[in-house]
Every structure is written in C-alpha cells, then in structure tokens.
Amino acid sequence: MILGILVSVAIPLIAGFALGPVGLIAGVAEVALGWAYRHALLNGNERLKNSILFAAVAILILATGFAQGWNAAILILNMGLISAVMALGVNLQWGFAGLFNVGVMGFVALGGLAVVLVSTPMTPGAWSAGGYGIVLALLLGAATIVATVMVAQKLPKGRVRTLSIIGILVVGFFVFRAVFDPNAEAVEAINPAVAGNLGGLNLPVLLAWPAGGLLAAGAAWLIGKTALGLRSDYLAIATLGIAEIIIAILKNEDWLARGVKNVYGIPRPAPVVGYEVELQNDPGFVARAEWFGLDPVTASTLSVKLGYSLLFLIVLLVLLWMAQKALHSPWGRMMRAIRDNEVAAEAMGKDVTRRHLQIFVLGSAICGIAGAMMTTLDGQLTPSAYQPLRFTFLVWVMVIVGGSGNNLGAVLGAFVIWFLWVQVEPIGLWLMNLITSGLPDGSALKAHLIESAAHMRLLTMGLILLIVLRFSPRGLIPEK
C-alpha cells in the first residue's frame with residue numbers, strides 16, 4: 001500500500017514540479033499507472049505490477065526528453081542501462097550468494113582500463129624503450145610471490161622459514177625495482193603531453209567489453225582466493241581496500257594509462273556508432289534529418305547516442321537472460337541455499353568457498369563489462385572520476401531499492417535511482433528558490449539554502465534508502 005501511494009503521488013509531483021507543463025501531462029499518466037499499480041497489488045498480479053513500474057520509469061525519461069531535451073533524456077537512458085549492468089553484477093554476488101562486495105569501483109575501473117589496453121593504438125617506440133623491461137619486471141614480481149608461497153608451504157614453521165620468506169621478499173623487491181623503475185621512466189618520457197604510456201592493441205572497441213570482463217574476473221579470482229575465507233564484514237573491508245589500491249595504481253602509473261593525465265580519443269564502436277562530423281557530411285543522413293524536422297547537428301548527436309543505447313540494451317538483455325537462466329537453474333538454487341544457510345549447505349557436501357569464488361568472479365566480470373561500456377561512452381579514461389559514492393554506494397542503493405535477489409528488480413532499481421540522481425539536484429534548486437522567494441536578495445539564509453541544493457542528491461538517496469528499508473525491505477520487486 002505504501003509503495004502504491006508513492007508511485008501514484010510522489011512521482012507525479014516530482015514530474016510536475018521539475019518538468020513543467022510536460023511534467024503535468026506525465027503526472028496524469030503516472031497517476032493512472034499508480035492506481036493500476038495499486039489494483040495489481042490488491043489482486044497479486046506480479047507481472048502487471050512489474051510492467052507498471054517499468055512503464056513509470058519510461059514515462060519519466062520521455063517527459064525529460066520533451067521538457068529538457070532529448071540529449072538529456074538519452075544520456076539518462078544510456079547511463080541507466082550501464083548502471084543496470086553494474087546492478088546485475090552486484091545482485092549476482094549479494095542476492096544470489098550473500099557476498100558483501102564493497103569494491104565495485106575497482107572492478108568497474110579495471111573494465112575501463114581494458115578499453116585503453118585493447119582499443120587504443122600503441123605508442124610509437126614505447127615497447128622498445130621500456131615496455132619489454134616492464135613486462136620482465138612484472139614477471140619477476142610474480143615469481144617472487146610464487147617463490148614465497150612455495151617456501152611457506154614446503155618448509156616447516158620456525159626461524160628458517162621466517163628468514164627465508166623475508167629474504168626472498170627483500171631480494172625480490174629490490175630486483176623488481178631495479179628492473180621496473182628505469183623502464184617505466186623511459187616509457188613515460190615518450191611524448192608525455194599526449195602519450196607517455198604503452199598504449200593498446202588497436203583492436204575494435206567492442207572486443208574491449210568482454211576483455212574488461214575478463215580483466216575484472218582475473219582480479220576477482222586473485223582477490224577471492226585470499227579474501228573469501230574472511231567473515232562478511234572483513235570481506236567488505238578487504239574489497240574496499242583493494243578497490244582503492246586499483247584506483248591508486250591507475251592514478252600513479254603513467255606508463256599504464258597516463259595516470260591523472262587521462263586517456264582521450266578512445267574509438268567508438270563502429271559501424272553502429274559513428275561520428276557527428278561524418279554524419280553531418282553525409283547527404284543521405286542530412287535528408288533523413290530534414291524529414292524528421294531536425295537540423296543535422298542535433299540529429300547527428302541523437303543518432304550517436306541512440307547507437308550507444310542500442311548496443312547497451314543488447315548487452316543488458318543478454319546478461320539479464322543469462323542471469324535469469326542461472327537463477328532458475330539447479331546451480332542458482334544451490335547458491336541461494338548456501339546464502340541462506342552455509343552450515344547446512346556444507347553438511348550436504350557443498351564446497352561453499354569454491355561456489356563463493358565462482359559467483360564473486362562472475363559478478364565482478366559483469367561489473368568490468370559495465371566499466372568498459374562506460375569508458376567507451378565517455379570516450380576517455382579518467383581515473384580520478386572513480387569515486388566510491390558513485391560506483392559502489394549508488395550501485396548498492398540500486399540493488400536494495402530494486403530488490404536484492406531479483407534480477408528484474410536490480411534493473412528497475414538502477415533506472416529509478418539513476419534518474420533521481422540526475423534530476424534531484426535541479427529539483428532541489430527549484431524547491432529552494434521557491435522556499436526563499438519571499439526572502440530579500442542578499443540574505444545569508446537565502447544564499448545558504450540555495451547553495452545547499454547541491455547536497456540534495458545525498459539527502460534524497462539516504463531518504464529513499466531509509467524509506468525502502470522501513471516499509472519495503474525486500475525492494476520494489478521482491479525476490480520470489
């Protein structure tokens with residue numbers, strides 16, 4: 001009942017206040033959907049209820065297009081699709097297996113790194129200057145770790161084993177730095193204004209999306225082999241710390257992805273997504289744009305963004321289909337049984353740690369794919385843009401609000417939360433201007449209230465999370 005009231009009243013008010021006349025039209029449609037939603041709740045029609053919720057989000061995006069421009073609406077759609085993929089990955093880990101991964105940001109960043117390593121061209125002379133030396137140094141570092149593990153396993157506990165481990169680590173560290181440092185400096189010295197890194201393989205950018213998933217999956221496997229034996233709260237701390245380490249490496253190792261100088265000019269997934277200038281010079285495209293009543297500049301921008309929308313939608317639908325198949329398979333039922341009672345699952349002969357590792361790797365791979373998609377959409381890799389608030393906390397809010405354990409709920413929560421994340425700040429600014437309209441210009445209180453509109457996002461996300469946890473802790477579309 002509470003959710004029915006929210007859908008039938010709160011959403012129309014938001015649309016009407018924020019989007020003006022078009023918002024009022026959208027509000028009428030939302031009211032009708034709200035009453036239909038309440039009817040579906042009373043009659044227990046799950047399919048109708050879910051369809052109404054998705055229709056409500058679609059109306060809000062369409063209303064944004066009419067009121068604020070289609071560029072803004074399609075951008076919300078594209079980022080909503082990417083966020084939905086991220087939410088699917090987190091839902092796989094939390095909803096299926098109860099793994100509390102607070103390092104989502106790190107796996108998303110690895111997906112973005114994969115785009116640079118796969119789709120950008122090689123930096124001329126970088127490999128001959130120091131690239132092979134960097135690879136050799138990394139292999140020496142890996143050999144040091146392997147040797148340390150082997151010594152720890154072979155030698156009995158005691159002073160000899162301790163001294164041997166310390167000796168291997170110290171010698172390995174200095175050898176690694178002696179090989180790595182000069183080669184990294186040589187690569188970073190190559191045209192640092194526009195390059196200074198190894199570059200990539202110059203392959204089609206669409207190949208970078210599965211590569212992003214594989215890179216994130218490999219990192220998740222290494223992390224899971226050590227961290228999944230920890231208790232849930234320690235696992236959260238470990239994944240958060242590892243995510244910060246990944247971001248620190250991206251920011252500081254210029255030879256890898258230019259660090260904080262960023263990587264620009266990432267190619268687009270042709271031929272589905274073209275370039276605005278090429279489209280504007282195409283007579284056929286210009287004629288089609290005129291037929292729709294659009295100027296070539298606006299039409300080319302919309303065409304590019306819609307091309308991304310098509311690709312993102314295909315990826316989301318494929319991953320959603322696979323997640324649904326997994327959910328209803330014997331493997332999915334086993335994972336939920338482990339989530340609900342690990343002790344009972346172990347008593348039945350299930351290898352809980354191995355299954356946790358499987359689901360951790362799969363969920364992280366999906367987050368890596370989403371990170372690759374987002375970097376492709378942005379056309380650049382910006383390591384400083386990866387913040388826990390955006391790429392961990394917000395994704396968790398999406399999963400909780402949508403309904404953890406339900407794949408459709410995760411997708412719905414992603415669209416709802418992302419729409420609010422984008423629109424709440426302008427709504428808050430409008431609200432503060434309305435509240436302070438009676439105060440004189442130059443008033444300190446008026447200035448303070450208007451400036452506080454920038455914090456409406458955090459306030460709204462926290463408020464939504466509290467409301468959902470209080471009145472509908474299972475989310476908008478609960479797990480069956």
Side-chain angles (χ1 to χ4, degrees), residues 103 105-142 173 175-220 222 242-270 273 275 367-387 391:
M105 172 186 65
F107 300 111
V108 172
L110 287 174
L113 175 63
V115 176
V116 176
L117 298 180
V118 171
S119 63
T120 59
M122 292 184 183
T123 301
W127 280 95
S128 58
Y132 297 110
I134 290 175
V135 174
L136 175 61
L138 295 175
L139 291 175
L140 289 172
F173 173 78
V175 171
F176 168 79
R177 300 306 305 189
V179 177
F180 176 82
D181 289 347
N183 287 287
E185 290 175 1
V187 171
E188 293 170 0
I190 298 175
N191 198 8
V194 296
N197 66 316
L198 292 174
L201 301 176
N202 203 25
L203 297 174
V205 72
L206 285 179
L207 295 178
W209 295 6
L214 290 175
L215 183 59
L222 291 174
I242 292 169
E244 292 292 346
I245 291 172
I246 292 172
I247 300 302
I249 292 173
L250 289 181
K251 288 181 178 179
N252 292 284
E253 301 299 330
D254 288 8
W255 60 270
L256 183 61
R258 301 196 72 229
V260 294
K261 292 181 286 187
N262 307 334
V263 177
Y264 300 95
I266 292 174
R268 293 177 177 176
V273 179
Y275 290 87
C367 291
I369 293 172
M373 292 163 57
M374 189 183 67
T375 300
T376 306
L377 176 64
D378 294 339
Q380 62 183 20
L381 176 66
T382 309
S384 58
Y386 292 102
Q387 300 293 332
F391 296 102

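Throughout, residue positions are numbered sequentially from 1 according to the sequence presented.
Scanning both residues, Ala208 and Ala372, for their nearest heavy atoms gives O-CB, 3.9 Å. Summarising the geometry of Ala211 relative to Val118, their closest heavy-atom pair is CB-CG2, 3.8 Å, with the distance given to 0.1 Å. Nearest heavy-atom pair, Gly103 versus Ala243, reported as atom, atom and distance to 0.1 Å: CA-CB, 3.7 Å.
One finds the CZ atom of Phe176 at 5.5 Å from the CG atom of Leu138 (value rounded to the nearest 0.5 Å). In this structure, CG in Leu215 is found 12.0 Å from CD1 in Ile369, a value given to the nearest 0.5 Å. How far NZ of Lys251 is from CD1 of Ile246: 13.0 Å, rounded to the nearest 0.5 Å. Put simply, CG on Leu206 and OG1 on Thr376 are 8.0 Å apart, with the number rounded to the nearest 0.5 Å. Note that CD1 of Ile266 is 8.5 Å distant from CG of Asp378, once rounded to the nearest 0.5 Å. Interatomic distance, Met374 CE to Leu381 CG, rounded to the nearest 0.5 Å: 8.5 Å.
A distance-only check finds a donor-acceptor pair linking the side chain of Thr120 to the backbone of Gly200 [under 3.5 Å]. Within the 3.5 Å criterion, the main-chain N or O of Ser384 finds a donor-acceptor partner in the side chain of Gln387. With hydrogens and angles disregarded, a donor-acceptor distance shorter than 3.5 Å links the side chain of Arg258 to the backbone of Ala193. Looking at Ser128, its side chain does come within 3.5 Å of a backbone N or O of Gly125 through a donor-acceptor pair. Put simply, the side chain of Thr123 gets close to the backbone of Asn197: a donor and an acceptor are under 3.5 Å apart.
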Run Leu201 and Met122 through side-chain contact (heavy atoms from CB on, under 4.5 Å) and show every step you take.
CA-CA 6 Å; Leu201 301 176; Met122 292 184 183; 4.2 Å; yes
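When each of Val108, Val263, Thr375, Leu256 is tested with Leu113 by the rule side-chain contact (heavy atoms from CB on, under 4.5 Å), just one qualifies, namely Leu256.
Judged as a side chain to side chain donor-acceptor pair (under 3.5 Å), the pairs with a partner in residues 260-270 (not counting sequence neighbours) are, in order, Asn262-Tyr264, Arg268-Glu276.
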Donor-acceptor pairs are to be reported for all side-chain atoms of residues 183-191 against protein atoms at under 3.5 Å, with residues two or more places apart or in another chain.
{"from": "Asn183", "atom 1": "ND2", "to": "Val179", "atom 2": "O", "distance (Å)": "2.6"}
{"from": "Glu188", "atom 1": "OE2", "to": "Asp254", "atom 2": "N", "distance (Å)": "3.4"}
{"from": "Glu188", "atom 1": "OE2", "to": "Trp255", "atom 2": "N", "distance (Å)": "3.3"}

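Counting only heavy atoms from C-beta outward, the side chains of Ser119 and Trp209 never approach each other to under 4.5 Å.
Considering only residues two or more places apart in sequence or on other chains, Tyr386 meets the ring pair (Phe, Tyr, Trp, His ring centres under 6.0 Å) condition with Phe391.
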